[in-house]
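The structure appears below as structure tokens.
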Amino acid sequence: MDIQQSVKQAVGKLYGQMVDDSLIQLQKTKKEFEGHLTLVVFPLLKISKKNPEQTARELGEYLQQNESAIAGFNVIKGFLNLTITSSYWVGVLNEITKDQSFGKVKAAGDAPLVMIEYSSPNTNKPLHLGHIRNNLLGYSLSEIMKANGYRVVKTNIVNDRGIHICKSMLAWKKWGNGATPESTGKKGDHLIGDFYVLFDKEYKKELAELQSRGLTKEAAETQSVLMAEARELLRQWEAGDLGTVSLWEKMNSWVYAGFDETYKALGVDFDKIYYESQTYLEGKEKVLEGLGKGVFYKQEDGSVWSDLTADGLDNKLLLRADGTSVYMTQDIGTAKLRFDDYPIDKMVYVVGNEQNYHFQVLSLLLDKLGFEFGKDLVHFSYGMVELPEGKMKSREGTVVDADDLIAEMVETAWETSRELGKLDGCTEEESRKISEIVGLGALKYFILKVDPRKNMVFNPKESIDFNGNTGPFIQYTYARIRSVLRKAAERGVVLPELLDPSLALNEKETSLVQMLAGFPAIVKESAEMFSPAIIANYIYDLVKEYNQFYHDYSILGEENESLKQFRMALSKNIGEVIKTGFSLLGIDVPERM
RNA sequence: GGUCCGGUAGCUCAGCUGGAUAGAGCAACAGCCUUCUAAGCUGUGGGUCUUGAGUUCGAAUCUCAACCGGAUCACCA
């Protein structure tokens with residue numbers, strides 16, 4: 001069954017030495033050569049003490065005689081190309097067909113518990129393109145971890161307090177005229193975002209006016225009445241002033257309703273949501289505890305710091321002179337709360353790479369404070385999303401709004417489908433459903449296929465292109481497979497439990513089975529590398545190859561009955577892998593399109 | 001300046017635990033719908049894998065250095 005083991009045994013028999021698995025380098029044979037699997041013999045030369053060609057030939061001959069799955073071989077330079085029998089491949093396909101959850105490992109009750117934090121929005125602005133990348137990566141990673149047998153808790157920490165919210169609140173009080181999402185018809189998060197922008201505009205106006213009276217920029221900032229009022233609101237909020245708190249609650253509830261809509265459209269969700277307003281006071285205690293243990297030190301003004309110079313970093317502030325906490329302190333507190341709530345084995349933070357330093361420091365600090373998980377917390381760091389014109393700048397109004405983008409993708413999917421006549425004969429509801437699946441599939445795939453670590457360029461025009469390496473291309477292939485299977489069922493063609501092993505398969509067919517068989521390894525690698533892109537690109541390769549096959553060979557029209565069954569089973573399994581793979585990416589797949 | 005990350009076709013990206021002649025898509029050009037969905041398929045052109053050294057049977061891949069780009073080094077979160 002396992003070719004790798006057979007080769008290992010062959011080496012042992014021929015050269016009298018059991019070698020480590022790492023020396024048995026088996027890979028898929030390149031298209032231009034004959035064979036299915038290629039053994040690179042260079043690493044074995046030390047043991048065989050013969051030249052590459054001779055070693056390869058000896059191994060090839062031995063394998064052909066002693067391993068029934070090996071039908072033949074050829075040697076080119078130091079490469080031993082092995083041809084595997086058709087019956088072996090049919091057997092592999094049969095195994096795949098039997099395995100209901102092919103590519104997935106079931107989570108056991110005692111499997112490691114992974115908490116994944118993602119999304120983490122501010123409540124003063126709607127979600128934008130950068131958040132989309134974050135949400136898609138976080139959700140997808142969660143699904144991939146689950147598929148690898150981990151227990152997963154998806155969490156979101158909402159930054160619902162601070163001066164930024166107070167700015168929106170102030171603008172609403174001053175100029176809002178009691179506006180609500182209902183009265184304005186705006187989505188709650190957009191409404192609040194608009195007031196935030198309004199504050200900023202008025203604040204800038206005020207600054208300009210002060211500066212025109214001869215004040216320096218700094219002086220103008222300290223004398224600003226608007227900023228002082230915003231700070232006053234924050235003080236009132238922290239003091240628990242009833243009116244302020246209830247306004248804050250009201251406005252936040254609008255924002256949450258808006259976020260929920262966006263999350264729903266994106267298909268992401270959370271198991272546990274933390275709010276910073278409830279956690280921001282935590283952490284102080286831990287810091288003081290560390291101070292007591294001598295892990296941290298106090299400056300003359302009373303502020304508390306950590307000296308990280310021994311780790312090659314700077315000094316880091318943890319408590320201000322007035323005793324209030326900073327971002328880092330809050331994250332320590334949040335970590336503590338989470339570990340109180342769940343027996344977490346591994347903590348993953350999905351946060352942009354601009355915070356690499358923050359998480360480097362957090363990891364060290366948690367470790368110093370005696371948290372076991374500190375050292376191996378994972379910062380799943382991803383690159384920024386840029387536009388063809390450059391970075392998104394809120395000041396220049398070049399931020400791509402998440403809701404707008406989603407709506408645009410769905411709308412374009414609908415128009416394109418209609419133009420191609422794909423929606424003929426569909427009900428209104430079906431058309432809408434398909435457009436949603438396709439539009440969002442295009443968006444999600446476009447973002448997830450890129451290596452998360454890299455900055456990426458999001459070209460709105462290209463993202464709506466449904467040709468080439470895109471989600472819709474893959475969805476389209478899936479829909480066609482489903483169509484073939486529907487037609488087969490209509491004609492009464494039945495797929496047997498087991499396929500006939502005496503079939504003679506062509507190169508394309510064996511190659512497809514071979515690719516299929518590699519799926520579980522891809523899912524594993526994807527989790528280890530923290531990269532949904534690995535799955536995305538694998539699915540694309542598979543689909544690309546299948547499309548060529550689909551074009552060249554008939555499935556339902558095939559006259560050889562067992563070959564027809566084989567091709568149907570092959571198609572069905574490829575469809576299943578597309579579906580499973582896409583579900584790990586959080587992308588739906590349509591029955592028809 | 002310190003630290004971290006990136007640099008592959010005109011553009012967007014794969015390939016990176018070292019393996020054979022570096023791959024896709026887009027864009028350009030030429031073909032293919034009486035046959036299971038043409039959102040498809042086939043072909044052509046397009047490369048000093050930023051540069052230079054090193055490691056070795058072999059380097060886009062590993063090491064070092066340089067160059068370019070980005071992030072970060074806040075009593076913002």
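Just so it is clear, the values below take in all heavy atoms, side chains as well, and ignore hydrogens, waters and symmetry mates. Being a predicted model, the structure only gives us computed values, none of them experimental.
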query: Rounded to whole angstrom units, what separation is found between the CG atom of A:N315 and the C1' atom of B:A74?
result: 14 Å
message: With the stacking rule set at 5.5 Å and 30°, tell me whether A:F42 counts as stacking on B:C57.
response: yes
field: Pair assignment for RNA chain B - dot-bracket with | for other-strand partners, Watson-Crick or G-U under 3.5 Å
entry: ((((((((.[[[[.)...(...]]]].(((((.......))))).....[[[[[..)....]]]]])))))))....
query: Just by distance, do the side chain of A:K444 and the backbone of A:D588 share a donor-acceptor pair under 3.5 Å?
result: no
message: Starting the side chain at C-beta, find the nucleotide from B:C41, B:A38, B:C57 nearest to A:N547.
response: B:C41
- prompt: Is it true that a side-chain atom of A:N51 and a backbone atom of A:Q54 form a donor plus acceptor pair closer than 3.5 Å?
  reply: yes
task: Can you tell me, in whole Å, how much space there is between the P of B:C49 and that of B:C57?
output: 23 Å
Nucleotide B:A77, atom P - distance to OH of A:Y196 in whole Å: 13 Å
field: Derivation and outcome, salt bridge (charged side-chain N to carboxylate O under 4.0 Å, His left out), residues A:D451 and A:R453
entry: CA-CA 6 Å; A:D451 182 341; A:R453 288 171 304 168; 2.8 Å; yes
field: Nearest listed nucleotide, side chain of A:E354, among B:U37, B:U72, B:C75
entry: B:U72
- prompt: If you check every side-chain atom of A:H551, which of B:C36, B:G40, B:A77 has the closest atom?
  reply: B:G40
Options B:A20, B:A39, B:C75, nucleotide nearest the side-chain atoms of A:N81: B:A20
- request: Please measure how far the P atom in B:U61 lies from the corresponding atom in B:G6, and state the result in whole Å.
  value: 14 Å
field: Presence of A:R592 side-chain N/O under 4.0 Å of B:A39 phosphate oxygens OP1/OP2
entry: no
- line: Rounded to whole Å, the CE-C1' distance (A:M409 to B:A39) equals 13 Å
statement: A:Q548 CD to B:A38 C1', in whole Å, measures 15 Å
message: A cation-pi test, strictly: NZ or CZ of A:K31 under 6.0 Å from the centre of the six-membered ring of A:F33 and no more than 45 degrees from its axis. Yes or no?
response: no
- request: Can you spot which of A:I555, A:L556, A:N560 makes a side chain to side chain contact (heavy atoms under 4.5 Å, CB included) with A:R567?
  value: A:I555
- prompt: With respect to the side chain of A:Y540, which nucleotide from B:C36, B:A24, B:G40 is positioned closest?
  reply: B:A24
field: Inter-nucleotide C1' distance (B:C26, B:C33), Å rounded
entry: 23 Å
- request: Grab the CD1-P distance between A:I481 and B:G40 for me, whole Å please.
  value: 15 Å
Near-strand residues of residues 380-392 of chain A, defined as heavy-atom separation under 4.0 angstrom from RNA chain B: A:K391
- prompt: Strictly under 6.0 Å, is that where the ring centroids of A:Y275 and A:Y256 end up?
  reply: yes
message: Can a donor-acceptor pair be found, under 3.5 Å and without considering hydrogens, that links the side chain of A:S483 to the backbone of A:A479?
response: no
Pairwise C1' distance, B:C4 and B:U44 [rounded to whole Å]: 44 Å
- prompt: Is A:K28 atom NZ crowded by more than 12 heavy atoms from other residues, nucleotides or ligands, each under 6.0 Å away?
  reply: yes
field: Any donor-acceptor pair under 3.5 Å from A:S140 side chain to A:L584 backbone
entry: yes
message: Heavy atoms only, 4.0 Å cut-off, all strands: where does A:Q25 land among base, sugar-phosphate and nothing?
response: base
field: Same-atom distance (C1') from B:U72 to B:A77, integer angstrom
entry: 15 Å
task: Using a strict 4.0 Å threshold on nitrogen-to-oxygen distance, state whether A:E232 and A:R235 make a salt bridge.
output: yes
- prompt: Ignoring hydrogens and angles, does a donor from either the side chain of A:S417 or the base of B:A39 sit under 3.5 Å from an acceptor on the other?
  reply: yes
message: If I take atom CZ in residue A:R418 and atom C1' in nucleotide B:A39, what distance separates them, rounded to the nearest angstrom?
response: 16 Å
query: How would you label the glycosidic angle of B:C33: syn (within 90° of 0) or anti?
result: syn
task: Would you please name every residue forming a salt bridge (charged side-chain N to carboxylate O under 4.0 Å, His left out) with A:E411, sequence neighbours left out?
output: none
- request: Answer whether the closest heavy-atom distance between the side chains of A:N353 and A:N455 falls below 4.5 Å.
  value: yes
field: Separation of B:G19 P from A:L44 CG (nearest whole Å)
entry: 16 Å
Options B:A39, B:A20, B:A71, nucleotide nearest the side-chain atoms of A:T38: B:A20
message: Over all strands shown, is A:E276 touching base, sugar-phosphate only, or nothing at heavy-atom distances under 4.0 angstrom?
response: sugar-phosphate
message: Regarding A:T470, tell me which of base, sugar-phosphate or nothing describes its non-hydrogen contacts under 4.0 Å with the strands shown.
response: nothing
- prompt: Rounded to the nearest Å, what distance is computed from the CE atom of residue A:M515 to the C1' atom of nucleotide B:A24?
  reply: 12 Å
- request: For the pair A:S119 (side chain) and A:N135 (backbone), establish whether a donor and an acceptor sit closer than 3.5 Å, ignoring hydrogens and angles.
  value: no
message: Heavy atoms only, 4.0 Å cut-off, all strands: where does A:D331 land among base, sugar-phosphate and nothing?
response: nothing
field: Closest to the A:K422 side chain, choosing from B:C75, B:U37, B:G40
entry: B:U37
- prompt: Which value, in whole Å, describes the distance between the P atoms of nucleotides B:A28 and B:C68?
  reply: 35 Å
message: Nearest to the A:Y476 side chain among B:A20, B:A38, B:G25, which nucleotide is it?
response: B:A38
- request: Specify whether A:Y327 and A:H358 have parallel, tilted or perpendicular ring planes, treating 30° as the upper limit for parallel and 60° as the lower limit for perpendicular.
  value: parallel
message: Classify the ring geometry of A:Y550 against A:Y546: parallel below 30°, tilted from 30° to 60°, perpendicular beyond 60°.
response: tilted
task: Check whether any side-chain N or O of A:S483 sits under 4.0 Å from OP1 or OP2 of B:U37, and answer yes or no.
output: yes
- prompt: When rounded to the nearest Å, what value does the distance between C1' atoms of B:A14 and B:A71 take?
  reply: 24 Å
field: Inter-nucleotide C1' distance (B:G7, B:C41), Å rounded
entry: 34 Å
- request: Have a look at A:F79 and say if it touches a base, only the backbone sugar-phosphate, or nothing, with a 4.0 Å heavy-atom cut-off.
  value: base
message: Once you apply a heavy-atom cut-off of 4.0 Å, does A:Y553 come out as touching a base, just sugar-phosphate, or nothing?
response: base
- request: Before accepting this row, confirm whether a basic side-chain N of the pair A:R161/A:E238 lies closer than 4.0 Å to the acidic partner's carboxylate O.
  value: yes
task: Using a cut-off of strictly less than 4.0 Å between a heavy atom of the residue and any atom of RNA chain B, enumerate the qualifying residues of residues 485-494 of chain A by number.
output: A:K487
query: Relative to the 5' end of RNA chain B, which residue comes earlier, A:K77 or A:K316, by the nucleotide with the nearest heavy atom?
result: A:K77
With a 3.5 Å cut-off and sequence neighbours excluded, list the donor-acceptor pairs that the side chains of residues 41-49 of chain A form with protein atoms.
unit_1, atom_1, unit_2, atom_2, d
A:S48, OG, A:K50, N, 3.2
A:S48, OG, A:T55, OG1, 2.9

message: Check whether A:Y382 forms a cation-pi arrangement with A:R133 (NZ or CZ under 6.0 Å from the six-membered ring centre, at most 45° off the ring normal).
response: no
- prompt: What string of B, S and - do you get for nucleotides 2-17 of chain B, 5' to 3', if B is base contact, S is sugar-phosphate-only contact and - is no contact with any protein heavy atom under 4.0 Å?
  reply: ----SS----SSS---
